[in-house]
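Because the structure is predicted, anything quoted here is derived from the model rather than measured. Letters go in sequence order (proteins before strands), and every chain restarts at 1.
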Amino acid sequence: MSLYLFLTLAILTIISALAVVFSKNPMYSVLWLIVCFFTIAGHYVLLNAQFLAIVHLIVYAGAIMVLFLFVVMLLNLNADTEPHKSNLSKIASAIAAGLFFVVLIASMRATELGEFNLPNKTNIGFVEEVGKKLFTDFLLPFEISSVLFLSAMIGSVLLAKKEKK
Amino acid sequence: MENTLQAVPQNWYLVLSTLLFCIGIMGVLFRRNAIIILMCIELMLNSVNLLLVSFSAYSGNSDGQVFVFFIMVVAAAEVAVGLALMMSIYRNAASTDINVLNKLKW
C-alpha cells in the first residue's frame with residue numbers, strides 16, 4: 001500500500017518538477033512548483049515527519065509561492081515576454097544535468113551505506129520531539145535565524161524601495 | 001503509515017532526491033528568466049530537504065528534521081531578498097532576462 005503511495009507521489013513529483021522547467025509561461029511554472037511542493041509534503045507524511053509536512057505547506061506553498069506569484073503578476077510576465085534560448089544550449093544543459101545525475105548515482109552505488117536498524121520509534125516527526133530538539137540542542141542557531149530573518153526583511157525592503165532621483 | 005520504512009528501500013529516496021536536484025540544475029542552466037532560475041534553486045533546496053528527512057526517518061533520529069527547518073529559514077530569507085532584487089532589476093532594465101544583465105561580464 002505505502003509502496004504504491006510512494007511510487008505515485010514520486011512520479012507526480014518528477015512530472016511536476018519537469019513541468020516547472022519546461023513550461024513556456026512563468027505563471028504555469030509557479031503553479032507546477034506548488035504541485036511539486038504538495039507532493040513533497042506527501043513524502044514527508046510517508047516518512048513520519050508530520051509536523052514538518054505542515055510547516056512545509058505553510059512556508060513554501062503558503063508564503064514563498066505566493067511571493068513568487070505576486071512578483072510574476074506584478075512584472076506581467078507571460079509566454080510572449082519569455083526570453084528564447086538556442087536549441088544547442090538547451091541540449092548542452094540537458095546533457096550536463098544528465099551527466100551530473102549519472103555521476104551522483106555512480107558515487108552512490110560505490111558508497112557503502114551503513115545498515116540502519118529500522119527504528120520502532122515512529123513519533124520522531126511529532127511537534128513534541130522536534131520542538132524538544134529545537135529548544136535544547138539547537139537553541140543558538142534557532143535564535144540566530146531570527147537575526148537572519150530580520151536582516152532579510154530590512155534588506156528586501158531597502159532593495160525594493162524606489163530609488164530617489 | 002508505519003510500514004513505509006519497511007516497504008520502501010531508502011535507496012529509492014536517494015534516487016528520487018538526486019533526480020529532483022538534477023532537474024533543478026537543468027532548469028538553472030536551461031532557462032533565461034531569472035525568476036524561474038530562483039524557482040529551480042528552490043527545487044534543489046527541496047530535494048536536499050527530502051534527503052535529510054529520509055535519512056532522519058530511516059535512522060530514527062529527529063536531528064535531520066531540525067536541519068530541514070534551518071534550510072527552510074535560509075530559503076525563505078533568500079527568496080525575499082532575491083525577489084526584491086528582481087523587482088529593482090526589472091525597474092532598471094525592464095526585463096528579467098539574464099542575457100540583459102551582462103554589465104559585470106568580462
Side-chain angles (χ1 to χ4, degrees), chain A residues 2-3 6 10 13-14 17-18 20-21 26 29-30 33 36-37 40 43-49 52 55 59 63-64 67-68 71-72 75 77 82-83 85 90 93-94 96-97 100-101 104-105 108 116 118-119 121-122 124-125 129-130 133-134 138 141 145 148-149 152-153 155-156 159-160, chain B residues 1-8 10 12 14-16 18-20 22-27 29-33 35-36 39-40 42-43 46 49-50 53-54 56-63 65-66 68-70 72-77 79-81 83-88 90 96-97 99:
Chain A
S2 40
L3 183 67
F6 167 77
T13 311
I14 298 295
L18 283 174
V20 171
V21 176
S29 286
V30 176
L33 194 56
C36 187
F37 285 161
I40 288 176
H43 283 298
Y44 288 172
V45 173
L46 278 182
L47 285 170
N48 294 323
L52 209 58
V55 170
V59 171
I64 293 185
L67 212 60
F68 270 109
V71 172
V72 169
L75 303 189
L77 299 175
E82 190 62 13
K85 206 170 176 180
K90 280 179 187 170
S93 61
F100 189 68
F101 180 69
L104 279 183
I105 291 293
M108 242 174 246
F116 293 129
L118 281 185
K121 234 169 80 176
T122 52
I124 55 162
E129 284 283 314
V130 181
K133 275 265 162 60
L134 202 56
F138 296 93
S145 63
L148 175 71
F149 262 139
M153 208 160 70
S156 52
L159 281 171
Chain B
M1 294 300 165
E2 286 174 25
N3 54 0
T4 314
L5 300 185
Q6 278 110 45
V8 184
Q10 203 204 354
W12 294 16
L14 291 183
V15 173
L16 174 65
T18 312
L19 203 55
L20 268 183
C22 289
I23 291 173
I25 287 180
M26 187 167 72
L29 295 174
F30 177 74
R31 300 300 295 254
R32 300 268 93 175
N33 191 336
I35 292 179
I36 311 274
M39 278 162 52
C40 290
E42 288 300 305
L43 206 60
N46 267 285
N49 280 354
L50 185 61
V53 171
S54 85
S56 143
Y58 280 88
S59 64
N61 189 340
S62 57
D63 280 2
Q65 303 193 3
V66 179
V68 173
F69 272 110
F70 292 124
M72 279 183 187
V73 167
V74 173
V79 162
V81 175
L83 287 178
L85 275 173
M86 283 305 120
M87 291 298 288
S88 71
Y90 188 80
T96 50
D97 185 352
N99 279 342

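For chain B, the nearby part of F6(A) is the side chain; its heavy atoms alone come within less than 4.5 Å. With a 4.5 angstrom heavy-atom cutoff, V68(B) touches chain A only via side-chain atoms. Only the side chain of F149(A) comes within less than 4.5 Å of a heavy atom in chain B; its backbone stays farther off. Using a 4.5 Å cut-off between heavy atoms, A49(A) touches chain B through backbone and side chain atoms alike. In this structure, the portion of L33(A) lying under 4.5 Å from any heavy atom of chain B is its side chain and not its backbone.
Inter-residue side-chain proximity for I35(B) and P26(A) is flagged as unmet; no heavy-atom pair is nearer than 4.5 Å. Here the side chains of L159(A) and M87(B) are not in contact, with every heavy-atom distance at 4.5 Å or above. Contact annotation: the side chain of V59(A) never approaches that of V73(B) to less than 4.5 Å [non-hydrogen atoms, C-beta and beyond]. At least one side-chain heavy atom of N61(B) sits under 4.5 Å from a side-chain heavy atom of K133(A). Between F100(A) and T18(B), the closest side-chain pair of non-hydrogen atoms is not below 4.5 Å. Looking at heavy atoms from C-beta onward, H43(A) lies in side-chain contact with L16(B) at the 4.5 angstrom threshold. F37(A) is listed as a side-chain neighbour of E42(B), based on a closest heavy-atom distance under 4.5 Å.
Under the side-chain hydrogen bond (donor to acceptor under 3.5 Å, both in side chains) test applied with R32(B), the options N99(B), T96(B), D97(B) reduce to a single match, N99(B).
Among F30(B), Y90(B), F70(B), the residue making the largest number of heavy-atom pairs under 4.5 Å with chain A is F30(B). Contact tally against chain B (heavy-atom pairs below 4.5 Å) for L134(A), L104(A), V71(A): the top residue is V71(A). Ranking L3(A), I40(A), L52(A) against chain B, the residue ahead of the rest is L52(A), based on heavy-atom pairs under 4.5 Å. Ranked by non-hydrogen atom pairs under 4.5 Å with chain A, the options V15(B), L19(B), I36(B) are led by L19(B). Of all the listed residues (N46(B), D63(B), V79(B)), the one sharing the greatest number of non-hydrogen pairs under 4.5 Å with chain A is N46(B). Counting heavy-atom pairs closer than 4.5 Å to chain B, the top-ranked of the candidates L18(A), L75(A), T13(A), V72(A) is L75(A). Ranked by heavy-atom pairs under 4.5 Å with chain A, the first of S62(B), C40(B), S88(B) is S62(B). Comparing P141(A), G155(A), S145(A), A10(A) by how many heavy-atom pairs each has under 4.5 Å with chain B, the most go to P141(A).
Taking every heavy atom of both residues into account, A96(A) and L29(B) meet most closely at CB-CD1, 3.9 Å.
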